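Worksheet: one structure, shown below.
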Amino acid sequence: MSDIIQLLPDAIANQIAAGEVVQRPASALKELLENAVDAKATQIQVWIKDAGKQLIHVIDNGRGMSATDARMSFERHATSKIRSAQDLFAIRTLGFRGEALASIAAVAQTSKIRSAQDLFAIRTLGFRGEALASIAAVAQVELKTRQENAELGTLLQIEGSEVKKQEPIATAVGTSVAMKNLFFNVPARRNFLKSNPVEMRHIVDEFQRVALSHPEIGFSLVQQDLETYHLLPSKLSHRIVGIFGKSSQNQLVPCEEDTPHLKIKGYVGKPEYAKKTKGEQFFFVNNRYIKSSYLHHAVSTAFEGLIQADQHPFYVLFLEIDPAHIDINVHPTKTEIKFEDERTVYAVLRAAVKQALGAHHVMPALDFSMDVNFQENWTKNPSTALELDREYSYKTYNTPEFQKAAVAGWERLFDGDVPKATTWPNTQVSKEDQEILTFPSRASAEEVLPPSAVEVQEGTGTTFQVELSYIVAQMSTGVLIVDQQLAHERILYERYLKQLQASQGSSQQCLFPSTLTLNPGDFSLVMDMLPELYSLGFQVEEFGKDTIVIQGVPADTQVKNEKELFEGLIEQYKNFKSELSLDKKENLARSLAKRSSLKKGQRLDAREMETLVGQLFACQNPNYSPSGNKTFVKLDLPSIHAFFAK
Ligand code: ADP
Ligand code: MG
C-alpha cells in the first residue's frame, strides 16, 4: 500500500484557518484595526466600499515594518509577540487553547512576546500571528509600509496567499493595508455574506469598539467616499459623544471602582437613556472588547427598578484585572473571556454601577444586597475582604433617619464595626439578615437621635488634624484618615442636591445687599438658574442691565464675601459645564459644594472633626467626593500589623 497522507499546501491550510479568523468583512477589519493599534498608531483611517466586500482599507501612522517583516507578517503564526518555546509554556499558564499551542509551537516565528514576563503583561491585541495570513488567503491584499528611519518603504501584493509583487516604494511612515474582493477565491463563503446593510452594521460595530477603547487615537471611517466618523483624539466621554451623538452628552454617569484585584472605569447611561434595542453595551477587559452575558446581567440588575424589563442600559465599562486571573483565549476571535473568580467580578461590577447611579441621584436609595460571598472569593488576601465589605456597608447608610443625625454615622464607625469577613456564614444571607449582621449597633434601631445629639456626643474616638488638612480618627479596627475638604464637599453636595430637589433651602440674610454686574452671557445664565438658586437659599434678583443684587446666601455657608462666593459659583458651574455632562441641578450642587466647602489649612476642634466625620458617614456615598476622589482611607489592623511583620 502506498502512503496517502500529504501535507496540505500552505495556501489551503491558510484558507482553512481563515475560516476561523475571517468570517466576514467586519472580522477582517477588526484584525487590521487591532494591528494598527498594536503598532502604536495615533491616527487610523478606514475606507470601506460595498460594506467591505469590495474594499477594506486601513491606514495607520504606526511604527511600520521592515521589508523582511512585511513579507513575514503574512506567514501563518508569524507574530512579533511570541518568541521561544519557553514562552509557550508560560502562555499555557494563561490558559491558551491546546490547539493554538500546537500550531504556534510548530512554527514559532513570532514578535510581540519575547519573554515569559511579557506574557503576564500581554497588552497587545493580537498575538496569535494568524490574522494577516488568513486575510491574504481569502482576498487580494496590498500592503504599503515604512518605518520611520527608512528612506523607502515596501509594497507587497498578495492574492490568495500568493505573493504577486514585492518592491520598494515611497510611502508615508506607518502601514496601509488594502484588502480587496474578500472571498474572491471562495465563492461559497462570498455567497454566505449578508446584505450590505447587515455587513456594514458589523463593520461599524467593530469600528466603534476599537474607537471606544482607544480615545487617545484619532479615527475616521469613510464609507463609499462619505466620511461617517471623524473622531479626534480625546478623552473617553468625548469619544462616546463622538460616536453616539450629542443626545448621549447629558446622559453619562461616570462609574469607577478600585479594588486591589479589579479596577472599573467608564460610563453608564442614565436610566432614561436606556433603549429598547441592544447594541450600546460595551465591556472592555484590559482594553480588549469582550462579550459577556454574565457581566451584562450584573449591570442590568444594578438598573433594576429604574428601567423597564425590555430596555437595555447604555454602558461603556473598562475592567482592569491582572491578566494572570483571566483566560482570554477561549474563543479564536478573543471576544470571550474566563475569569478565575467570576462571582467577585460580578459583585464588584454590580456594586460599582449601583454606586454610580446612586451618586448621581438617579436612584432613590442604594440598596446593596450582597448576593455573593466575598469571603470565599478573596481568601488569598483576607484584608481585602474586610475592605470590601466595609466599603459597601457604608453605602447602606441611606435611610433618611441616619442622615438627620450626623452622629449616627459616627457612632456606627466606632462601635458598629463590621464583623470580619471570616465570621460570615458561608450560606447566602437575606438582605435583612445581612444588615443585622453588618450593623449590630444602635444605628440600625428605629429610634432617631435628635440633631442635638451631635453636641452632646463628644470624644467617641480620638481625633486630630494633620497638616490642618486631614483628620485622623481612631477606630477599633484601625485608623481612618479623612480629607477634610473632600469630605466636606461630599456632605455639602448631598445636602444641596436634596435642597434642590425639595426646593427648600434656607437662607441667611446678608447684612448689606451687594450688587454684581456680570457679562451678558453670565447674566443670562444666572437668570436661567434663578429657581434653582432660590432652592439653594440664594436670594438673588435682577437689578438693572446685566446686574443682580444678592440679598441672601444659603444658610451655613462659611463665607465672608457673598460676591466672591457667587462669582466663584458661576465660574465653577461653567467649568463643570465644559468638562462634564451634568444636569443643571447636579452641576449647581457640585459647584456650590466645591466653592463653599471648608478648605485645607482650616483648623478644626475635636467636636468639629467628629461632626464632620459623622456627617460624612451619614452620607449616601461617603467613599468619594463628588468629583470622584477618595474622601478617606482606612488603615486597618492587618495592614498595620503587616508594616512590622518580619
Ligand atoms: P498578530 O497580531 O497576532 O501578531 P498578525 O497576523 O495580525 O498577527 O500580524 C503579524 C505581525 O505583523 C504582527 O505581529 C506585527 O509585527 C506585524 N504587523 C501587522 N500589522 C501591522 C501594522 N499595521 N503595523 C506594524 N506592524 C504590523
Ligand atoms: Mg494582529
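Just so we're clear, the structure is a prediction, and the values are computed from it rather than from any experiment. First listed ligand is number 1; within each ligand, the first listed atom is number 1.
- Annotation: Asp38 places no N or O atom under 3.5 Å from an N or O atom of ligand 1; distance criterion only.
- Of the polar atoms of Ala39, none of the N or O atoms is found under 3.5 Å from an N or O of ligand 1, judged by distance alone.
- Residues Lys265 and Glu320 are not paired through a salt bridge, judged by the lack of any N-O separation under 4.0 Å between the basic side chain and the carboxylate.
- A salt bridge between Lys275 and Glu280 is present, with a side-chain N of the basic residue lying under 4.0 Å from a carboxylate O of the acidic one.
- Exactly one of Tyr289, Trp47, Tyr229 qualifies for a ring-ring contact (aromatic ring centres under 6.0 Å, His included) with Phe207. That residue is Tyr229.
- Contacts of Val58 with ligand 1, taken as heavy-atom pairs under 4.0 Å, are absent altogether.
- For the pair Arg71 and Glu75, the salt-bridge criterion is met [side-chain N within less than 4.0 Å of a carboxylate O].
- Heavy atoms of Leu132 found under 4.0 angstrom from ligand 1 belong to the backbone as well as the side chain.
- Of the listed residues (Ile59, Asp60, Ile44), the one carrying the non-hydrogen atom nearest atom 23 (N) of ligand 1 is Asp60.
- Ligand 1 has no nitrogen or oxygen under 3.5 angstrom from a nitrogen or oxygen of Glu31.
- Nearest to atom 27 (C) of ligand 1 by heavy atom, out of Met72, Arg63, Met65, is Met65.
- Relative orientation of the Phe244 and Phe282 rings is tilted, given thresholds of 30° and 60° on the angle between their planes.
- For the pair Ala133 and ligand 1, the shortest N or O to N or O distance does not fall below 3.5 Å.
- For Phe283 and His296, the gap between ring centers reaches or exceeds 6.0 Å.
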